[in-house]
Amino acid sequence: MQWLKLKLQFIFIICILISSAWGQLGRDPNGYLTYCPCMGRFGNQADHFLGSLAFAKALNRTLILPPWVEYRKGELRSRQVPFNTYFEVEPLQEYHRVITMADFMWHLADDVWPESERVSFCYMERKSLQVEKNDPEKPNCHAKDGNPFGPFWDTFHIDFVRSEFYGPLHFDVHHSAIAAKWQAKYPPETWPVLAFTGAPASFPVQLENCQLQQYMHWSQRYRDGAREFIREQLPRGAFLGIHLRNGIDWVRACEHVKDSQHLFASPQCLGYKNERGPLYPELCMPSKEAIVRQIKRTIKNVRQTQPNNEIKSVFVASDSNHMIGELSTALTRMGISVHKLPEDDPYLDLAILGQSNHFIGNCISSYSAFVKRERDSHGFPSYFWGFPKEKERQQAKAHEEL
Ligand SMILES: Nc1nc2c(ncn2[C@@H]2O[C@H](COP(=O)(O)OP(=O)(O)O)[C@@H](O)[C@H]2O)c(=O)[nH]1
Ligand SMILES: *[C@@H]1O[C@H](CO)[C@@H](O)[C@H](O)[C@H]1NC(C)=O
Ligand SMILES: [Mg+2]
């Protein structure tokens, strides 16, 4: 009797295990959506990710989480880093169904997306870099042409047998009924997987999608890394995190300031419709003097407004020049120490900046924008270099004093 009871219990447990495994990796009848994060580095990819997540939700398809695409010096092919190296998968599920590309490819692709049915989606024909590949009879997305396009899909041995041009459909699900049109043109029964050549999203991220950042939680490794650095390397008390984007590629990018109303992430400070003014060069590339002035001003402001939580140190993240010498010289007299990571790590920099008590970022940089959105989701304050414009601020102040 006892024996039978045990046996039944055992069978029962096995059934639960099997059904929960099925529940997790069962096929979604509403289909899947995936894409190559083929444009830009992390900041751009993160903007695109939020838009793609919103798009997958609007189409009610499971989003296949692509790996992050990284470029290393001296390497001809991009490296693909699993999505969950940096971010947890679970919190995203709260907003919408997602699955990592590895899980999808190992557990579902044979059934849902057999090799003979892998179609790549692009808006219109994309010309190949190799001219002989361009067949006027058969226009193609050339989804694997060039870097990172080839290396990305190669990561999971994905080849495409055909191309599909989805134009004039687009991705702006917040301002039109476009989602229904996608569903009508590409129903999940005939199109179980939509695989896009690039992200089905805009850059910079749409205003409506910024708040999706709340579902991006750093993985344990980066949460621990940030916490340990802050506890072990920084003095006790509040710290100011700053992002100095000043490498040579940035100097070149900033040259475009003069031709435009917006550049990259600039809507984050100027507003999507320039509600808070036009673009100007100091937003993109503040001078060293202006940087020092703004840091001092921020520290003094905090002293006055939050005397119980004074800034004790500055943490510097940079792609190139951390200005440790200049900043130490300027700030030691104020009793402030200046720090950076011992080794370059763009992700740990981000995770630490997200945790700082105050943050000054670069309004044009999508890398800064990631930090700003994360901080917004926690209600932490953020500021930008050169914003508002120094002259205007002085005038406003003079006005107040009058
Ligand atoms: N370690 C580190 N790397 C950075 C920092 N700022 C920029 N980078 C690197 O430069 C890249 C900049 O490209 P992206 O993320 O697209 O941002 P954006 O070009 O500033 O809009 C980042 O992904 C990093 O690899 C930084 O503060 N620290
Ligand atoms: C969306 O897809 C899920 C999973 O396939 C399904 O359960 C749900 O009913 C769908 N929602 C709508 C509005 O169609
Ligand atoms: Mg970039």
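As the structure lists them, so they are numbered: ligands from 1, and atoms in each ligand from 1. Predicted, not measured: the structure shown is a model, and the values here were computed from it. When reading the values below, keep in mind they use all heavy atoms of this one structure, side chains included, and skip hydrogens, waters and symmetry mates.
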Could you check [atom] against the protein and tell me its nearest heavy-atom contact, residue, atom and distance included?
atom	result
atom 12 (C) of ligand 1	R245 NH2, 3.4 Å
atom 15 (O) of ligand 1	G43 N, 2.7 Å
atom 22 (C) of ligand 1	Y367 CD1, 3.7 Å
atom 13 (O) of ligand 1	R41 CB, 3.6 Å
atom 28 (N) of ligand 1	D349 OD2, 2.8 Å
atom 3 (N) of ligand 1	P346 CB, 3.7 Å

Minimum heavy-atom separation for L50 to N209, with atom names? CD1-O, 3.7 Å

State, to 0.1 Å, how close N357 and A238 come at their nearest heavy-atom pair, and which atoms those are. OD1-CA, 3.3 Å

Between the side chains of E390 and R293, is the shortest nitrogen-to-carboxylate-oxygen separation below 4.0 Å, so that they form an ion pair? yes

Are the charged groups of D28 and R97 less than 4.0 angstrom apart, N to O? yes

Can you check which of D319, N362, L348, N44 brings a heavy atom nearest to atom 9 (C) of ligand 1? D319

My understanding is that we take every heavy atom of each candidate and find the minimum distance to atom 26 (C) of ligand 1. Doing that for G247, S318, A369, which one comes out nearest? S318

Under 4.0 Å to a heavy atom of [X] - the qualifying atoms of ligand 1, by number:
X	result
D344	1 (N), 2 (C)
S366	14 (P), 16 (O), 17 (O), 18 (P), 20 (O), 21 (O)
F42	15 (O), 23 (O)

Evaluate the pair C122, C141 and indicate whether the two SG atoms are within a distance below 2.5 Å. yes

Near ligand 2, which protein residues have a heavy atom under 4.0 Å away? D28, P29, N30, N60, R97

Kindly indicate whether a cation-pi arrangement holds for [X] with [Y], taking the cut-offs as under 6.0 Å to the six-membered ring centre and within 45° of the axis.
X	Y	result
K144	F160	no
K57	Y95	yes
R126	F149	yes

Under a 3.5 Å threshold, yes or no: a donor from one side chain and an acceptor from the other, between Q80 and T155? yes

Residue that, paired with F370, satisfies ring-ring contact (aromatic ring centres under 6.0 Å, His included) out of F49, F359, F42, Y347: F42

What about H217 and F87, are their ring centers closer than 6.0 Å? no

Can you name the one residue among D349, D344, L244, D249 that meets side-chain contact (heavy atoms from CB on, under 4.5 Å) with D319? D249

Step-by-step side chain to side chain donor-acceptor pair (under 3.5 Å) determination, Y186 to E164: CA-CA 11 Å; Y186 301 111; E164 172 71 16; 2.7 Å; yes

Contact region, W250 to ligand 1, non-hydrogen atoms below 4.0 Å, reads side chain

Which segment of H243 sits under 4.0 Å of ligand 1 when only heavy atoms are counted: side chain

Determine, using heavy atoms of F370 and all atoms of ligand 1, whether some pair is separated by less than 4.0 Å. no

